[in-house]
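Here's the structure we're looking at; comments come further down.
The sequence lines fix the lettering, A, B, ..., with proteins before strands; numbering per chain opens at 1. We use all heavy atoms of the structure for the numbers below, so side chains are in, but hydrogens, waters and symmetry mates are not. Remember, it's a predicted structure, so these values are computed and weren't measured experimentally.
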Amino acid sequence: MGRYVIRRLLQMIPVFLGATLLIFLMVNVMGDPVAGLCGERQCDPATAAQLKKEFGLDKPVWQQYLTYMGNVFTGDFGTAFNGQPVTELMGSAFPVTIRLTIVAIVFEIVIGITLGVLTGLRRGRPVDTTVLLVTLVVISIPTFVTGLLLQLLLGVEWGLIKPSVSPDAPFDELLVPGLVLASVSLAYVTRLTRTSIAENRRADYVRTAIAKGLPRQRVITRHLLRNSLIPVVTFIGTDIGALMGGAIVTERIFNIHGVGYQLYQGILRQNTQTVVGFVTVLVLVFLVANLLVDLLYAVLDPRIRYA
Amino acid sequence: MLLEVRDLHVEFTTRDGVAKAVNGVDLHVDEGETLAVLGESGSGKSVTAQAVMGILDIPPARITGGEVLFQGRDQLLLKEDERRKVRGAGMAMIFQDALSSLNPVLSVGDQLGEMFRVHQGLSRKDARAKAVELMERVRIPAAKERVGQYPHQFSGGMRQRIMIAMALALEPALIIADEPTTALDVTVQAQVMDLLADLQREYHMGLVLITHDLGVVADVADRIAVMYAGRIVESAPVHDIYKAPAHPYTKGLLESIPRLDRKGQDLYAIKGLPPNLMNIPPGCAFHPRCPMAQDVCRTDVPDLFEVSEERRSACFYWRETLHG
């Protein structure tokens, strides 16, 4: 197990370097980074040259990348063009997005798995067909539609929630945005759980559990669910990374100042340091989440042993 | 009498129609007795066993008639919760394929201990101690060290011993073993069968042994019930049946056993195939394959005739079969 973890950690290095290099190059070909600084007007060539020198942009790209990575490993993600250190932006943005992600994941687990078990045990009945249809609708509608619709209905028309989240972004204000963010994954979790439960409910070990005289409740939770959740847990684990980076649309709609919002602003203003910095951290989150899922897999299913 | 099944009928509703899996089974088992239920695949042995245990999947299955009297109470009339308490404690079942029948993600100790935790409310620690005791009783070496291991870490024979231990846990009055040795190596089969027979004697349990292996039956069974197309076609004490079968189907089964003294000769086979359960032939279900079939066999369903006090045969021509 220990050896496996070390190997996986070592494998992360090339993935991490490749991913960051790619994003670094992409951001660099995106356009002239100093152009954004002068606003609407064309930059005066002398100022542009001066700014470029100041930010080290006159050097070749590979050198810029090396300098950048060197700084990252000392915890310096550079400075945004407005003079604010990128780490400071992260410090305010990540806690907000983490809260949003937690809300979304809890929705996925509680609603998704409950609906999945319910429908999986009643395959072909009206409950099952209805839920299946709803999940299909949710999957087909883009997040920005559900998001704007809920914002309009709950926030503006009925006044049940604040249409835009305050800067502190406390948990209660994140409930509706969290649900919007979770919606598509939630539908997938429901379907995945349903299929898994329906498949396993006729398994021999379930029949054994019934033959042992266990109450139905125990047969379902301890024997059926334990086995059926293995693929679901894997999905939810990988989803953590996707949710954190994929909250751009949701954060825009509800004006949440999280990672997605900062990334969006960074791209809009061609703020290289912000974009690269945030993406770098997201790459790390993704890699670590994936490793944790693989390790969790071995805990859930003792037949899997890593050597 | 420990278990008495009377005129049991079970149907399965499938997309293609209704399959009549069990069509009027009568059987009985006494305390300490071993009854072997013999038959081909699809003859209704396993379905009968599952109906007795109350673990049929309903739907698609449906019990359309009959009684299952266990210790004098008709199980089919009990509420599900009462029935659940009988399962495991009063009667227990051993399944064929221990690898798929044991839960892959729970340790064997948890799965054995669960019997005591649920039925007797024991603590986790006491249940674990009981689990070790059970494993020792079915002669699993190093039980204390292995109690925390998972099913896939055991060999096939050891896994089947764990299944036996699980069935034995609450010392039930009746054990139904559904082809307990079929999935095992031949060398291990005998060990497991001996163990089961020993434990049955020790606890004085009734044992219903479902099998299609005539060799196993001869060694351990007291009585045999032969099933065909969802009915018992012959039931008799084991020695009588081997000496002289009273039903052409039983006779065919016995003749298809390879014998050393007939080396070099063609092996006998019952011609034809078992009937489609959705379309069982009228009259005696065996008549299309029967060498003795007459007109009456094609129209009338034979009763279970009394051959002797302990012996029944569902053949109009049992006398001819017995003496011919």
Search all heavy atoms of [X] against all heavy atoms of [Y] and return the closest pair with its distance.
X	Y	answer
Val29(B)	Glu33(B)	CA-OE1, 3.4 Å
Phe95(B)	Ser101(B)	CB-OG, 3.4 Å
Arg202(A)	Pro60(B)	NH1-CD, 4.2 Å
Gly120(A)	Arg201(A)	O-CD, 4.0 Å

Interface moiety of [X] toward chain A, non-hydrogen atoms closer than 4.5 Å:
X	result
Val105(B)	both
Asp81(B)	neither
Asn103(B)	both

What's the spacing between [X] [atom1] and [Y] [atom2] if we round to 0.5 Å?
X	Y	atom1	atom2	result
Leu186(A)	Thr190(A)	CG	OG1	5.0 Å
Arg194(A)	Glu199(A)	CZ	CD	11.0 Å
Leu282(A)	Thr97(A)	CG	OG1	8.5 Å
Glu11(B)	Ile63(B)	CD	CD1	11.0 Å

>> Suppose a student defines contact as a heavy atom less than 4.5 Å from any heavy atom of chain A. Which residues in residues 152-168 of chain B would they list?
In response: His152(B), Met163(B), Met166(B)
>> Does Val18(B) form a side-chain contact (heavy atoms from CB on, under 4.5 Å) with Phe12(B)? I'd like the steps, not just the answer.
In response: CA-CA 6 Å; Val18(B) 175; Phe12(B) 284 83; over 6 Å; no
>> Using 30° and 60° as the class boundaries, would you call the ring planes of Phe94(A) and Phe278(A) parallel, tilted or perpendicular?
In response: parallel
> Do any N or O atoms from the side chain of Arg87(B) and from the backbone of Gly54(B) form a donor-acceptor pair under 3.5 angstrom?
Replying inline: yes
> Mind checking which of residues 211-227 of chain A sit less than 4.5 Å from chain B, heavy atom to heavy atom?
Replying inline: Ala211(A), Lys212(A), Gly213(A), Leu214(A), Pro215(A), Arg218(A), Arg222(A), His223(A), Arg226(A), Asn227(A)
> Looking at Thr208(A), Val206(A), Leu300(A), which makes the most heavy-atom pairs under 4.5 Å with chain B?
Replying inline: Thr208(A)
> Which one, Glu80(B), Gln111(B), Met91(B), Gln96(B), leads in non-hydrogen pairs under 4.5 Å with chain A?
Replying inline: Gln111(B)
> If you count heavy-atom pairs under 4.5 Å with chain A, which of Asp110(B), Val86(B), Asp97(B) comes out on top?
Replying inline: Asp110(B)
> Side chains of His212(B) and Glu179(B): is there a donor and an acceptor less than 3.5 Å apart?
Replying inline: yes
